[in-house]
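Throughout, protein chains are lettered first and strands after them, A, B, ... in sequence-line order, and every chain is numbered starting at 1.
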Amino acid sequence: MTQLTMAKAITAGLRKAMEDDPKVVLFGEDIGRLGGVFRVTDGLQKDFGEHRVMDSPLAESGIVGTAVGLAMRGYRPVVEIQFDGFVYPAFDQIVSQVAKMHRRTEGLLMMPIVVRIPYGGGIGAVEHHSESPEAYFTHTAGLRVLSPSDPQAAYLTIQQAIACDDPVVYFEPKRRYWDKGDVDLSIDATDLAQVPGPWRARLVRRGTDVTVACYGPMVRTCLEAAEASADVSLEVIDLQSLSPLDMDTVVSSVERTGRLVVVHEATANGGLGAEVATRVTERCFYSLEAPVLRVAGFDVPYPPSRLEEHFLPNLDRVLDAVDRAMAF
Amino acid sequence: MTQLTMAKAITAGLRKAMEDDPKVVLFGEDIGRLGGVFRVTDGLQKDFGEHRVMDSPLAESGIVGTAVGLAMRGYRPVVEIQFDGFVYPAFDQIVSQVAKMHRRTEGLLMMPIVVRIPYGGGIGAVEHHSESPEAYFTHTAGLRVLSPSDPQAAYLTIQQAIACDDPVVYFEPKRRYWDKGDVDLSIDATDLAQVPGPWRARLVRRGTDVTVACYGPMVRTCLEAAEASADVSLEVIDLQSLSPLDMDTVVSSVERTGRLVVVHEATANGGLGAEVATRVTERCFYSLEAPVLRVAGFDVPYPPSRLEEHFLPNLDRVLDAVDRAMAF
Amino acid sequence: MTTERVPAAAAVQLLTPEGERVPHPDYDISLSDDVLRDLYRDMVLVRRLDTEATALQRQGELGLWAPCLGQEAAQVGSGRAMHENDFAFPTYRDHGVAWARGVAPLEILAMFRGVTNGGWDPIRKRCAPYMIVIGNQALHGVGYGMGIQLDGAEEAVVAYFGDGATAEGDVNEAFVFASVYNAPVVFFCQNNQWAISQSQERHSRVPIYERAAGFGFPGVQVDGNDVLAVMAVTAHALDRARSGDGPTLIEAYTYRMGAHTTSDDPTRYRHANEVEVWRLRDPIERLKVFLARQGIADRAYFDVVEHEADELAILVRDGVRSMPEPSIDAIFDNVYAEPHPLMEEQRRTLHAYEASFADGAGA
Amino acid sequence: MTTERVPAAAAVQLLTPEGERVPHPDYDISLSDDVLRDLYRDMVLVRRLDTEATALQRQGELGLWAPCLGQEAAQVGSGRAMHENDFAFPTYRDHGVAWARGVAPLEILAMFRGVTNGGWDPIRKRCAPYMIVIGNQALHGVGYGMGIQLDGAEEAVVAYFGDGATAEGDVNEAFVFASVYNAPVVFFCQNNQWAISQSQERHSRVPIYERAAGFGFPGVQVDGNDVLAVMAVTAHALDRARSGDGPTLIEAYTYRMGAHTTSDDPTRYRHANEVEVWRLRDPIERLKVFLARQGIADRAYFDVVEHEADELAILVRDGVRSMPEPSIDAIFDNVYAEPHPLMEEQRRTLHAYEASFADGAGA
Ligand SMILES: Cc1ncc(C[n+]2csc(CCOP(=O)(O)OP(=O)(O)O)c2C)c(N)n1
Ligand SMILES: Cc1ncc(C[n+]2csc(CCOP(=O)(O)OP(=O)(O)O)c2C)c(N)n1
Ligand SMILES: [Mg+2]
Ligand SMILES: [Mg+2]
């Protein structure tokens with residue numbers, strides 16, 4: 001066991017994946033000498049060379065579009081989008097090409113591309129640096145979407161994402177980059193006999209009264225809420241795989257608790273919470289004691305940083321929703 | 001009353017808007033001499049001149065990005081995206097600029113831009129020409145989203161969208177372009193004392209047993225299903241305004257019927273159906289006799305045209321969901 | 001409305017519209033008689049394929065067709081300049097390219113019939129599926145080229161796009177990436193003078209090939225109806241690419257003789273006489289005259305090719321009509337390479353639903 | 001790692017790094033002593049604003065700052081070349097441009113403090129809000145310019161972006177649209193040689209100004225640390241634009257003396273000696289030497305400006321600290337121009353929620 005920040009755990013996972021498979025190449029703005037603006041690729045260019053860790057021109061469609069070509073050539077490109085708000089120039093390549101090429105060619109071409117995106121708020125940044133655009137990608141058939149919530153999960157899932165033959169959009173909760181945790185670097189992430197795959201939700205805290213489903217940056221928030229909740233016992237589920245969703249884990253919890261609160265930073269309207277709520281309600285119609293409630297960003301553009309504490313779901317807003325679920 | 005196709009009704013609405021306000025300009029690929037690939041702008045360049053109906057270079061980000069500049073200069077640009085699948089190159093400008101400029105400038109700049117998008121399937125087209133990307137836009141705060149379902153609604157709502165000071169993404173159900181209907185061209189679309197605004201759902205058929213909420217191309221399908229439904233009485237609601245959603249109309253219907261089926265062509269996962277279901281369940285928890293059910297596209301890229309009849313929700317699939325709702 | 005447009009004086013030409021062979025200081029090429037005859041044959045067969053497909057669409061057998069009529073020299077000339085291991089990234093109109101890569105006629109037509117969104121094995125044919133979203137494939141070509149570099153292979157890429165496509169961000173980003181990485185890519189722009197209804201002036205006020213210099217690599221204009229010149233210029237650019245000299249932009253100046261697609265009505269936006277003028281520059285006729293004059297081919301050869309074309313037409317007609325319908329399982333197949341719960345669930349749902357009709361148990 | 005880079009020989013220069021005035025055949029400009037002194041004053045004040053802002057960020061008063069240190073001549077020179085009715089589209093780093101447009105210092109800092117995403121009235125100042133998404137504003141500038149054309153007005157636009165931005169599709173599409181519509185736009189690229197950690201070679205292997213020709217309009221490189229040359233070249237391009245001669249691309253060759261932003265650590269990717277070399281080309285020093293040598297300004301004048309700068313610093317320090325916090329209502333204000341049910345609903349929810357704490361009624 002090693003104590004690592006999430007950022008360093010991802011670095012370690014990337015390093016391992018590059019050692020394991022020479023076809024893994026890293027590509028993105030400032031990822032080389034600088035090691036990326038969050039230093040997640042720190043040291044990798046030095047160790048693997050400029051041909052495997054490439055600084056790209058400042059053009060996101062270009063980054064993803066060339067990754068498609070690299071994948072057609074048999075590479076496994078891992079591209080970094082510098083911040084959440086800068087993935088949109090690449091949206092066309094992601095939706096029309098990355099997500100559809102395998103289907104288009106009836107399985108003959110594979111798109112084992114990982115698009116890494118530091119996402120979410122809480123770091124006091126200027127506009128476009130705090131967004132949570134995951135629902136755009138979970139709504140896109142052909143993509144898989146992951147978001148780790150702690151260093152150990154990050155270390156494993158980044159490797160599993162890279163090993164996956166499907167494209168994966170990998171959302172890294174940037175404000176948790178500096179959170180430390182124990183990481184067992186000896187686990188073989190891709191030996192699915194030993195470790196579970198990434199496409200499942202994780203029950204991270206047992207409880208009896210209300211299930212709280214969350215992911216990425218909100219997992220810590222919800223765990224803190226569960227600790228703070230004196231009278232009501234919260235069961236916390238880290239969805240981790242945002243697409244596909246592991247509904248079985250959520251449903252079996254809700255069947256026990258009878259109540260569900262879904263928490264995310266992304267705006268509520270059309271966010272992932274709606275999908276989870278709809279599916280849970282369909283499957284647990286008779287076990288639900290209250291409607292599924294959402295705690296999410298308000299349906300506004302991410303506000304200036306001096307307002308973000310009011311915008312972002314926090315411990316109190318989670319508990320408020322829990323209270324409302326209990327009172328229903 | 002005049003009998004018009006939906007395409008011609010939109011043409012008439014565009015013409016009226018251009019007559020009423022010299023700041024309205026049209027911009028897009030092939031919209032001038034050709035009149036657009038669906039002929040929706042037919043004749044407008046001839047009548048209003050090349051400066052108000054402009055053929056644009058083949059670049060969607062350019063089309064929307066320049067529309068932002070035109071709006072800053074006081075114009076009301078109505079841009080045409082040729083097909084649903086070609087809006088993604090403009091996604092960045094739409095999400096980061098069109099949707100956020102008003103907020104960014106604290107209300108000092110307005111973005112009265114209409115982005116017209118022919119959408120949906122059922123016309124036997126090749127890839128990228130049959131998509132239903134509306135959920136990407138309804139999830140984007142700062143935008144409004146409309147979809148008309150018949151010629152009269154199209155005539156009115158396109159004018160209302162243009163008159164609106166907020167940006168509107170206007171989804172035109174392309175396979176209904178050729179459906180005819182009575183249109184009263186004498187109605188003043190922007191006199192909201194006389195006509196309702198566009199931001200409301202329309203109860204298009206009364207019924208008692210199951211509410212069916214739908215929009216765009218699916219309205220006709222659901223009305224046909226309602227006609228065909230012998231034993232079960234369907235109430236059909238045309239959502240029309242996809243953002244904001246007019247939940248009051250849906251909720252008051254569901255409070256009467258106790259059952260709701262939401263129908264759209266877009267893929268189910270993270271689609272509009274989930275949002276409607278979640279909000280209705282929250283507000284009608286005690287009146288619902290069954291969970292809200294969805295009839296939607298499967299979660300796959302739009303299939304080749306010879307398979308689209310199996311992919312698209314049709315009368316039978318709507319009735320199948322109605323039966324399941326009744327049997328719950 | 002439209003003034004007559006011709007290639008720039010600088011455009012490389014080896015064969016005049018009258019079929020006369022003219023020398024060129026940089027791009028002279030000497031091809032064997034076999035190759036010359038094959039180029040003719042390719043163009044005739046591609047044209048027949050194209051004509052048949054247009055007819056099949058009219059008969060309702062294809063959902064759509066994008067004719068390459070008039071662009072055969074640009075497509076066949078560039079396609080045949082490629083080595084076996086080079087890789088092509090064509091658009092929906094590049095049937096002559098697909099043909100030259102060895103894609104079977106029915107594989108080309110499959111997408112237009114609506115039974116698939118692809119049609120052939122891109123790796124085996126070294127030819128990407130047709131791209132419909134304008135400009136996307138230019139970046140794929142560059143990325144593939146970067147892969148070639150990483151592999152240290154002596155291969156190159158030809159990325160195809162139209163005059164209209166040069167306005168798209170992706171094409172220009174492709175120029176940036178190719179230049180900066182010195183990728184082994186030939187950008188092959190068929191300037192057929194129209195992007196649907198918009199004439200080339202709507203996309204550039206200078207000749208397209210001049211775009212390249214500002215990105216730091218050479219651009220060259222070639223008479224796109226001259227198959228020899230196209231082949232020479234493409235072969236030269238491919239050689240450069242393979243030997244590490246980086247990208248080239250080729251503008252093949254040609255003309256779209258037909259409609260944009262079978263859904264299009266060009267009479268709405270261009271004069272018939274424009275088409276007539278270009279008929280005199282027909283790429284097949286000019287090679288035919290040259291072959292005949294030089295005694296490289298005679299009537300017997302032309303007849304054989306004509307006969308082959310007739311046979312191709314029959315193959316295409318019969319083949320299209322008997323193309324197997326995709327199964328409904330194809331809706332869920334290959335969306336993902338690895339198991340995915342939603343696919344399994346929805347596949348089951350659809351099967352059960354369809355079965356409910358078979359049983360007569362429907363609603 | 002980095003070899004010393006200098007402007008191309010063709011770069012327009014009117015003032016050598018040593019402050020000597022040199023003639024130029026095309027761009028000679030004769031400015032009144034008042035204007036020359038004002039340019040100096042502007043640059044000194046902008047630099048002080050910049051220095052103070054950097055310090056305030058270090059003290060935690062700003063969330064971030066993007067220094068324009070070293071680029072004052074490029075920004076002030078181009079900004080001051082604009083007429084009152086011209087319109088600027090700046091990036092996050094163009095404080096000298098905002099300054100020249102009359103945007104107040106505290107308005108410039110507001111976004112970096114995190115109290116707004118904008119800061120000033122774009123219409124009154126004729127200056128768009130700072131753009132953060134690289135390249136987006138180039139298209140806004142062209143669209144605005146098209147609006148000028150529609151209005152038949154004699155105005156023009158300056159659209160700013162960096163060397164890195166030239167790789168983005170949007171910037172290149174802006175070139176296409178501006179060229180095709182002949183829009184009255186000056187593209188002003190500050191080549192400060194770095195895009196965060198990536199040196200200019202990562203974005204182009206030829207000088208950036210050469211990009212323009214391939215899009216059909218002129219490009220010119222100017223010594224970006226020479227405020228006179230920048231002003232001359234920009235004024236000339238703006239005149240062209242206003243009189244219907246279309247767009248120009250100006251590459252102002254300069255250097256980012258500071259970090260990319262206060263979050264950046266440039267020692268990770270560039271040598272300190274590179275910065276030292278460019279210190280000798282300081283834009284303010286060279287104008288100061290020129291003014292002094294020519295007797296246009298004396299020590300007394302320089303002292304006045306210094307004093308003004310001190311006052312500006314105080315104003316900025318005090319003003320930033322006392323900037324009002326936005327109210328939580330600002331979360332919902334101006335998301336839409338017209339009434340929107342979700343805004344009202346969520347505003348009420350948040351108020352009730354916050355009130356529950358005020359009442360001591362929280363969970
Ligand atoms: C991104 C995108 N926008 C719009 C379209 C619709 N469209 C299909 S072909 C075409 C014109 C293309 O012109 P050009 O690049 O010159 O190629 P050509 O068709 O002439 O071969 C357009 C606008 C598209 N396919 N993709
Ligand atoms: C679309 C987009 N991608 C990435 C970023 C992150 N980013 C901010 S500034 C910058 C470098 C910009 O370089 P340049 O254009 O040279 O301008 P400079 O900062 O040097 O003034 C990057 C990559 C961004 N803001 N927008
Ligand atoms: Mg063309
Ligand atoms: Mg720079």
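Heavy-atom distances place no part of R324(A) under 4.5 Å from chain D, backbone and side chain included. There is no contact between D231(A) and chain D, counting heavy-atom distances below 4.5 Å. Interface remark: R113(D) contributes backbone and side-chain atoms alike to the contact with chain A (heavy atom separation under 4.5 Å). Neither the backbone nor the side chain of S204(D) comes within contact range of chain A; no heavy atom of the residue lies under 4.5 Å from a heavy atom of that chain. Heavy atoms closer than 4.5 Å to chain D are found in the side chain of Q82(A), but not in its backbone. Residue D170(D): no heavy atom, backbone or side chain, is found under 4.5 Å from chain A. There is no contact between S229(A) and chain D, counting heavy-atom distances below 4.5 Å. For V37(A), the part lying near chain D is the side chain, with the backbone staying farther off; criterion is any non-hydrogen pair under 4.5 Å. Of the two parts of I196(D), the backbone and the side chain both hold a non-hydrogen atom closer than 4.5 Å to a non-hydrogen atom of chain A. Of the two parts of F86(A), only the side chain, counted from C-beta on, holds a non-hydrogen atom closer than 4.5 Å to a non-hydrogen atom of chain D. Neither the backbone nor the side chain of E308(A) comes within contact range of chain D; no heavy atom of the residue lies under 4.5 Å from a heavy atom of that chain. Heavy-atom distances place the backbone of Y302(A), and not its side chain, under 4.5 Å from chain D. Both the backbone and the side chain of I331(D) come within contact range of chain A, each with at least one heavy atom under 4.5 Å from a heavy atom of that chain. Contacts of Q198(D) with chain A are made by both backbone and side-chain atoms, with heavy-atom separations under 4.5 Å.
Two residues are said to be in side-chain contact when any heavy atoms from C-beta on lie closer than 4.5 Å; V171(D) and F187(D) fail this criterion.
Options L64(D), N117(D), V335(D) differ in how many heavy-atom pairs under 4.5 Å they form with chain A, and the most are formed by N117(D). When each of E325(D), Q346(D), H340(D) is checked for heavy-atom pairs under 4.5 Å with chain A, Q346(D) comes out on top.
Remark: the Q200(D) side chain and the D163(D) side chain contain no N/O donor-acceptor pair separated by less than 3.5 Å. For the residue pair R294(A) and H264(A), no side-chain donor N or O sits within less than 3.5 Å of a side-chain acceptor on the partner. For D94(D) and Q190(D), the side-chain atoms include at least one donor-acceptor pair closer than 3.5 Å. Side-chain polar atoms of H139(A) and E275(A) form no donor-acceptor pair below 3.5 angstrom.
Side-chain atoms of T41(A) come within 3.5 Å of backbone N or O of G35(A) as a donor-acceptor pair. At least one donor-acceptor pair closer than 3.5 Å links the side chain of Q57(D) to the backbone N or O of G63(D). Q45(A) places a side-chain N or O within donor-acceptor distance of the main-chain N or O of V53(A), the cut-off being under 3.5 Å. Side-chain atoms of W194(D) do not come within 3.5 Å of backbone N or O of P266(D) as any donor-acceptor pair.
Aromatic ring pairs are classed by plane angle as parallel below 30°, tilted from 30° to 60° and perpendicular above 60°; the pair F175(D) and F161(D) is tilted. In this structure, Y136(A) and F91(A) have perpendicular ring planes: the angle between them is above 60°, well past the 30° mark. Between F298(A) and F332(D), the ring-plane angle classifies as perpendicular under the 30° and 60° cut-offs.
Interface residues of residues 115-131 of chain A toward chain D, defined by a heavy-atom distance below 4.5 Å and sorted by number: G124(A), V126(A), E127(A), H128(A), H129(A).
The neighbour count for E50(A) CD, taken as heavy atoms of other residues, nucleotides or ligands under 6.0 Å away, does not exceed 12.
E224(A) pairs by the side chain to side chain contact (heavy atoms under 4.5 Å, CB included) definition with R220(A), L315(A), not counting sequence neighbours.
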